[in-house]
Protein chains: 2
Amino acid sequence: MTVTIYDVAREANVSMATVSRVVNGNQNVKPATRKKVLEVIERLEYRPNAVARGLASKKTTSVGVIIPDISNNLNAELARGIEDIATMYRYNIILANSDQNEEKELSLLDTMLGKQVDGIVMMSEEVTDSIQRAIETCPVPIVLAGSICETEEIASVNIDYYTAAKEAVQLLISNGHSRIAFVSGPLQYTVNGQHKLTAYKDTLAQANIEINEALIVAGDGSYDDGLETWATLAALDVPPTAIFVGNDELAIGLVHGIQDSGKTVPGDVEIISFENSKLARMVRPQLTSVVLPLYDIGAVAMRLLTKFMNKEEIDEKHVILPHRVEQRDSSK
Amino acid sequence: MTVTIYDVAREANVSMATVSRVVNGNQNVKPATRKKVLEVIERLEYRPNAVARGLASKKTTSVGVIIPDISNNLNAELARGIEDIATMYRYNIILANSDQNEEKELSLLDTMLGKQVDGIVMMSEEVTDSIQRAIETCPVPIVLAGSICETEEIASVNIDYYTAAKEAVQLLISNGHSRIAFVSGPLQYTVNGQHKLTAYKDTLAQANIEINEALIVAGDGSYDDGLETWATLAALDVPPTAIFVGNDELAIGLVHGIQDSGKTVPGDVEIISFENSKLARMVRPQLTSVVLPLYDIGAVAMRLLTKFMNKEEIDEKHVILPHRVEQRDSSK
DNA sequence: CTGAAAGCGCTAACAA
DNA sequence: TTGTTAGCGCTTTCAG
């Protein structure tokens, strides 16, 4: 039924080894022989069995990708970056969603190792101790993409979230605001709870602005969350006049919440978001936003992984990509 | 180094076959033996090699997913549906982007077959003849998700695009419009060029409304395309008073284009979109939209694929999921 | 430049 | 209930 390397060898009057060499582009084959083999391959429609090859060579040319939720814009962009570079290096991707659930992440890691992936790119909002341990004892290289882990040992690709957030808040302060709110997704997520929030507090402190806990709101980070959060904020004795927001979807929710309540952006409330997905331009006013280069983060993470897999020399395990603030109309 | 089934067998004083039985949950093992084996597995941290298993059993528990572009909201939602059901049935997913390019689709199909996937879910806006042939001669089952192919033979999951589009246009007609534009992505895409456009024309004809080619605009289907399309439409001697739009992103572009030109939705122009992604609610006015249940389409496609892979009986190879129009504020 | 042969780690009859 | 033994299809020394 299915044609194997053996069938090709027999038809071409050569050994399996020679067919293998031809298929793998090994140069030690006489052109005439190569031609003959190629013809038989064509004629028999031979398709190498990657599973057998994987077993024999201990390389599968597959990499695992563990991501919180592919249906989320943010992750999808990242995944595309990963995939493009993987394809370029002839790897295939085994994609799985973790829903940001530690148990699933652990079990996914195990499944992928069972499938003998050559490496793994992982995205996780919160790298717990046991995840960290699992990564450190992993038999194949792992690169974290857009995910924070303080450890020296684990490779990762990020931007400098802290500085980026500081710049955003600073911008709001420069525009004369002192009642600046901080609205983000879950604070358990390292990037929110540690980097962005700390940057917010530090920047305010440095400008001698008192920190008001009522102006710090963390929800699930969704559009509806943004809508509701504005209701909360608007009910304050003195509502904020500016908001630093954790992501675009949340920011759009806030913008609509503000507009629905009869106020304007940036007239009554200035907003700076953090993500700059294509959504940032799909709202009026368009969002000023810190640029989070998700595609690039994914691409660079995958590229880094290929270096590990090829045992190339790595100059820096922790890549920090540049960031900037894209000025649009939600801030002055 | 890596511990194999043989190591476990030796340590537990049983044969490889017995270990294999334990690992695979075969009932023909004495409880005491099972316990002993399980202990050794635990102690040695044995992890079955799925590649070897795949080679021996000719099943990989992996399915291929070929999708135009995962960074596109539409596909990401579909992919999530596929993944969830795949996980439920203990399959892993090998995901690849085709960019809606026939050559890539063909080569991806080949790669996946080489990797011995047990089945494939494919999404394609235009199933060309050669793709169709490739699918028909494929050694493993393939299910098309949200993709149209007239052939009896090929399994697929869709909604009734024609009827859905008719209902939308009919709604606009009922609201008193006679200058109704049709704006969509590429007409080469079967769903646009054949189903939606035909439905549009048929519905107009049945209402004795003359078809005006100037009111039919197909671009790339993006937000910016929507913005520009309104500029074109607005420049007409008599601009349309209602628009049937192919997808949400495009519709939002149109809405903003209309609003930027000083007109209102639905006051001056009514809009009905086709997709109902979460974007539909993230714009003011919120979009009335035909509900395209992408997650469900993906999930049902994957479920159907599992039936094929298990050689279960299939009652219907062509699943049509129900649709409806979600009324919001962009139409009256 | 080419071939022979020993595995890779596991499953699946077939025996016992 | 358990063990023995062929392979699965390919890569990779090692000879020649």
Side-chain angles (χ1 to χ4, degrees), chain A residues 1-38 40-41 44-62 110-118 139-140, chain B residues 1-38 40-41 44-62 110-118 139-140:
Chain A
M1 20 160 282
T2 62
V3 10
T4 73
I5 199 173
Y6 177 78
D7 300 317
V8 176
R10 183 168 33 69
E11 285 290 309
N13 287 312
V14 296
S15 70
M16 286 163 54
T18 298
V19 179
S20 176
R21 287 189 189 98
V22 171
V23 169
N24 293 295
N26 186 316
Q27 285 310 302
N28 296 332
V29 181
K30 207 200 307 179
T33 313
R34 176 188 309 280
K35 185 155 171 291
K36 186 172 58 177
V37 172
L38 253 13
V40 176
I41 286 179
L44 265 47
E45 297 188 357
Y46 167 66
R47 175 187 292 132
N49 180 324
V51 174
R53 183 184 290 194
L55 184 58
S57 69
K58 297 181 172 299
K59 294 204 172 316
T60 55
T61 64
S62 294
D110 210 59
T111 306
M112 298 203 164
L113 293 177
K115 295 236 170 177
Q116 311 300 116
V117 294
D118 296 336
V140 300
Chain B
M1 20 161 284
T2 61
V3 9
T4 73
I5 199 173
Y6 176 78
D7 300 317
V8 175
R10 184 166 34 69
E11 284 290 310
N13 288 312
V14 297
S15 70
M16 286 162 55
T18 299
V19 178
S20 177
R21 287 189 189 100
V22 171
V23 168
N24 293 296
N26 186 315
Q27 286 309 302
N28 296 332
V29 181
K30 207 199 308 178
T33 312
R34 175 188 308 281
K35 185 156 171 291
K36 186 172 58 176
V37 172
L38 253 13
V40 176
I41 286 179
L44 266 43
E45 296 188 357
Y46 167 67
R47 175 188 294 131
N49 181 324
V51 173
R53 184 184 290 192
L55 184 57
S57 69
K58 294 176 174 302
K59 292 204 173 316
T60 55
T61 65
S62 295
D110 209 58
T111 306
M112 298 203 164
L113 293 177
K115 295 234 169 180
Q116 310 299 117
V117 294
D118 296 337
V140 299

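A note on names: the letters A, B, ... follow the listed sequences, proteins ahead of strands, and every chain is numbered from 1.
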Considering just the side-chain nitrogens and oxygens of [X], establish if one lies under 4.0 Å of OP1 or OP2 belonging to [N].
X     : N      : value
A/K58 : C/dG9  : yes
B/N24 : C/dT11 : yes
A/T18 : C/dG3  : yes
A/T33 : C/dT2  : yes

Between C/dC1, C/dG7, D/dT12, which nucleotide has the shortest distance from any of its atoms to the side chain of A/A56?
C/dG7

If you only use heavy atoms from C-beta on, which nucleotide in D/dC10, D/dT2, C/dA4 is closest to the side chain of A/S15?
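Among D/dC10, D/dT2, C/dA4, the one nearest the side chain of A/S15 is C/dA4.
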
Contact class for [X] (heavy atom, under 4.0 Å): base, sugar-phosphate, or nothing?
X     : answer
A/N28 : base
A/V14 : sugar-phosphate
A/S20 : base
B/N13 : sugar-phosphate

Tell me the closest heavy-atom pair linking A/R34 and A/V22, and the distance in Å.
CA-CG2, 4.1 Å

Look up atom CZ in A/R47 and atom CG in B/D110, then write down how far apart they are to the nearest 0.5 Å.
4.5 Å

Roughly how far, to the nearest 0.5 Å, is the OG1 atom of B/T33 from the CG atom of B/L38?
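The OG1 atom of B/T33 is 11.0 Å from CG of B/L38, to the nearest 0.5 Å.
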
Kindly indicate, with the supporting measurements, whether the criterion side chain to side chain donor-acceptor pair (under 3.5 Å) is fulfilled by A/K115 and A/T60.
CA-CA 9 Å; A/K115 295 236 170 177; A/T60 55; over 6 Å; no

Whole angstrom is fine here: how far is it from [atom1] in [X] over to [atom2] in [N]?
X     : N      : atom1 : atom2 : result
B/K59 : C/dA12 : NZ    : P     : 9 Å
B/I5  : D/dT4  : CD1   : P     : 14 Å
A/N26 : D/dT11 : CG    : C1'   : 11 Å
A/K36 : C/dC1  : NZ    : C1'   : 12 Å
B/R53 : C/dC8  : CZ    : P     : 18 Å
B/Q27 : D/dT2  : CD    : P     : 12 Å
B/Y46 : C/dG9  : OH    : C1'   : 7 Å
A/M16 : D/dT12 : CE    : C1'   : 11 Å

With A/V19 as reference, evaluate A/V40, A/V29, A/I5 under the side chain to side chain contact (heavy atoms under 4.5 Å, CB included) test and give the passing residue.
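So, applying the side chain to side chain contact (heavy atoms under 4.5 Å, CB included) to A/V19 and each of A/V40, A/V29, A/I5, only A/I5 qualifies.
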
Residue whose nearest DNA chain D nucleotide is more 5′ - B/L55 or B/R21:
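Result: B/R21.
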
